[in-house]
Undergrad: 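So that we are looking at the same thing, I have put the structure below in structure tokens.
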Amino acid sequence: MTAPREISVDLVVVPCAGGGPSEFRDWRTSLPADWRLTSVCLPGRGPRFGEPFEVDLSATADRISEAVTEVLRPDGRVLLLGHSMGAILAFEAAVRLNPLGLAVCGSPPPERLQSYPPDDVDWDEEIRSLVTDEDIPEQLMTELVRLSTSVISADLAMLDAYRWSGGRTSCDIWAFYGEEDYLQPEPWAGQTDGMTDVTVVPGGHYFVRDVPGRIMGELKARLAAGGA
């Protein structure tokens with residue numbers, strides 16, 4: 001997504017269920033000049049439309065980790081960030097790597113996934129609320145909702161089949177929650193031997209789209225405090 005000439009930090013982001021790299025397109029303007037932004041793109045969406053969906057979250061985390069070490073950093077020293085289901089994927093990747101830190105946005109810890117997301121989510125309404133183009137024809141919107149719903153359903157089936165093995169990472173975990181979200185803010189203390197903290201930011205469940213500058217500032221401050 002960005003490719004600075006000199007790179008001090010590789011920020012790898014993992015979108016939410018049904019999401020793709022476009023979820024983080026507005027982050028480019030908030031990024032420090034020497035940070036490189038790379039987004040995970042799971043099969044079945046964006047440039048990978050038509051590929052079979054992933055079905056095993058742990059195996060998917062294996063592939064993400066392998067891509068990080070093969071394409072970006074052989075030592076795995078990246079900054080990982082995941083949103084919603086992407087937070088679980090980013091955490092599992094962090095267990096396999098040795099990242100600079102892990103930011104988990106809008107997700108309960110993996111031992112509390114039993115009732116997440118809520119059963120009463122209206123995905124039709126949810127998808128429509130995320131479309132910023134008010135002039136999109138209804139026929140096109142209906143098709144967009146249909147395609148998006150199939151991707152979300154596949155991702156949530158993968159999440160529903162996932163069970164945390166008890167694996168931990170050694171990096172710090174910084175949890176971010178939206179003040180208008182339905183999730184209760186809580187630290188991910190059971191998932192790391194490092195430090196944990198919780199930050200509540202303006203917005204609902206999709207706050208990563210609304211306040212990238214705020215989150216980026218928090219990440220820079222934490223890396224600086226840790227000497228990274």
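Hydrogens, waters and symmetry mates are skipped; everything else that's a heavy atom, side chains included, is used.
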Undergrad: If you compare all heavy atoms of Ser84 against all heavy atoms of Cys16, which two are closest, and at what distance to 0.1 Å?
TA: CB-CB, 3.7 Å
Undergrad: Using the rule that two of Ile, Leu, Val, Met, Phe, Trp, Tyr join whenever any of their side-chain heavy atoms come within less than 4.5 Å, decide whether Val71 and Leu97 are in one cluster.
TA: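 Per the 4.5 Å side-chain linkage, Val71 and Leu97 are co-clustered.
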Undergrad: Whether the side chain of Arg48 engages the backbone of Cys41 through a donor-acceptor N/O pair (distance < 3.5 Å, no angle test) should be reported.
TA: yes
Undergrad: Between Glu51 and Arg45, does any side-chain N to carboxylate O distance fall below 4.0 Å?
TA: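 Salt bridge: no.
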Undergrad: Rounded to the nearest 0.5 Å, what separates atom CG in Asn98 from atom OG in Ser170?
TA: 5.0 Å
Undergrad: Does the Tyr177 side chain pair with the main chain of Ser107, one donor and one acceptor, at a distance under 3.5 Å?
TA: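 Indeed, once roles are kept as given, a pair shorter than 3.5 Å links the two residues.
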Undergrad: How long is the straight-line distance from CZ of Phe24 back to OG1 of Thr38, given to the nearest 0.5 Å?
TA: 12.0 Å
Undergrad: Is there side-chain contact between Asp34 and Val9, with at least one heavy-atom pair below 4.5 Å?
TA: no
Undergrad: Any donor and acceptor pair, going by atom type alone, linking the side chain of Trp27 with main-chain N or O of Ser30 inside 3.5 Å?
TA: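 The answer is no, because no donor-acceptor pair under 3.5 Å joins these two groups.
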Undergrad: Would you compute the distance between atom CG of Leu223 and atom NZ of Lys220 and round it to the nearest 0.5 angstrom?
TA: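 Interatomic distance, Leu223 CG to Lys220 NZ, rounded to 0.5 Å: 10.5 Å.
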Undergrad: Over 60° means perpendicular and under 30° means parallel, so classify the ring planes of His205 and His83, tilted if in between.
TA: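 Plane angle between 30° and 60°, so tilted.
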Undergrad: Quick one: do Glu54 and Arg63 make a salt bridge, cutoff under 4.0 Å?
TA: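 Yes.
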Undergrad: Could you report the tightest heavy-atom contact between Phe176 and Phe207, atom names first, then the distance?
TA: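 Taking Phe176 first and Phe207 second, the nearest heavy atoms are O-CZ, 3.4 Å.
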Undergrad: In Å, rounded to the nearest 0.5 Å, how long is the span from CD1 of Ile7 to CG of Leu37?
TA: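 Ile7 CD1 to Leu37 CG: 11.5 Å, rounded to 0.5 Å.
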Undergrad: Give, for atom CG of Leu72 and atom CZ of Arg77, the distance between the pair rounded to the nearest 0.5 Å.
TA: 14.5 Å
Undergrad: If every non-hydrogen atom of Pro15 is compared with every non-hydrogen atom of Val40, which pair is closest and at what distance?
TA: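 Shortest heavy-atom contact: CD-O, 3.4 Å.
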Undergrad: Quick check: do Arg214 and Leu219 have side-chain heavy atoms less than 4.5 Å from each other?
TA: no
Undergrad: If every non-hydrogen atom of Ala90 is compared with every non-hydrogen atom of Val14, which pair is closest and at what distance?
TA: CB-CG2, 4.0 Å
Undergrad: Kindly indicate, with the supporting measurements, whether the criterion side-chain contact (heavy atoms from CB on, under 4.5 Å) is fulfilled by Leu159 and Leu57.
TA: CA-CA 7 Å; Leu159 182 64; Leu57 192 143; 4.0 Å; yes
Undergrad: Which heavy atom of Leu183 sits nearest a heavy atom of Pro185, and at what distance?
TA: O-CD, 3.4 Å
Undergrad: Met158 and Thr60: side-chain contact (heavy atoms from CB on, under 4.5 Å), yes or no, with the steps?
TA: CA-CA 10 Å; Met158 177 174 69; Thr60 304; 3.7 Å; yes
Undergrad: Please answer: with hydrophobic residues joined when any side-chain heavy atoms are less than 4.5 Å apart, are Leu156 and Tyr182 in the same cluster?
TA: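 The answer is yes; both residues are in one hydrophobic cluster.
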Undergrad: Please walk me through it: do Trp174 and Val104 pass side-chain contact (heavy atoms from CB on, under 4.5 Å)?
TA: CA-CA 6 Å; Trp174 313 305; Val104 290; over 6 Å; no
Undergrad: Without placing hydrogens or testing angles, list every side-chain donor-acceptor pair under 3.5 Å for residues 189-198, not counting sequence neighbours.
TA:
unit_1	atom_1	unit_2	atom_2	d
Gln191	NE2	Glu111	OE1	2.8
Thr192	OG1	Thr169	O	3.1
Thr192	OG1	Cys171	O	2.4
Thr192	OG1	Gly194	N	2.8
Asp193	OD1	Arg168	NE	3.0
Asp193	OD1	Arg168	NH2	3.0
Asp197	OD2	Arg222	NE	3.2
Asp197	OD2	Arg222	NH2	3.2

Undergrad: Kindly give the heavy-atom pair with the smallest separation between Leu100 and Leu79, and that separation in Å.
TA: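 Heavy atoms only, the tightest pair is CD1-N, 4.5 Å.
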Undergrad: Apply the test side-chain contact (heavy atoms from CB on, under 4.5 Å) to residues Arg96 and Asp62: give CA-CA distance (whole Å), side-chain angles for both, the deciding distance (0.1 Å), then the verdict.
TA: CA-CA 7 Å; Arg96 294 154 172 76; Asp62 288 339; 2.5 Å; yes
Undergrad: Begin from the C-alpha positions of Glu23 and Tyr206 and carry the test side-chain hydrogen bond (donor to acceptor under 3.5 Å, both in side chains) through to its verdict.
TA: CA-CA 9 Å; Glu23 182 177 3; Tyr206 297 95; over 6 Å; no
Undergrad: Any chance you could measure Asp155, atom CG, to Leu89, atom CG, to the nearest 0.5 Å?
TA: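 Output value for this atom pair is 8.5 Å.
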Undergrad: Report yes if some heavy atom in the side chain of Trp188 is under 4.5 Å from a heavy atom in the side chain of Pro110; otherwise report no.
TA: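 The answer is yes; the side chains approach within 4.5 Å.
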Undergrad: Hydrophobic clusters join Ile, Leu, Val, Met, Phe, Trp and Tyr when side-chain heavy atoms are under 4.5 Å apart, directly or via other members; which others share one with Val151?
TA: Phe53
Undergrad: Answer yes or no: is there a donor N or O on one side and an acceptor on the other, between the side chain of Arg163 and the main chain of Asp160, under 3.5 Å?
TA: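 Yes, Arg163 side chain to Asp160 backbone: donor-acceptor pair under 3.5 Å.
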Undergrad: Going by the rule salt bridge (charged side-chain N to carboxylate O under 4.0 Å, His left out), which residues pair with Asp210 if we only count those two or more places apart in sequence or in a different chain?
TA: none
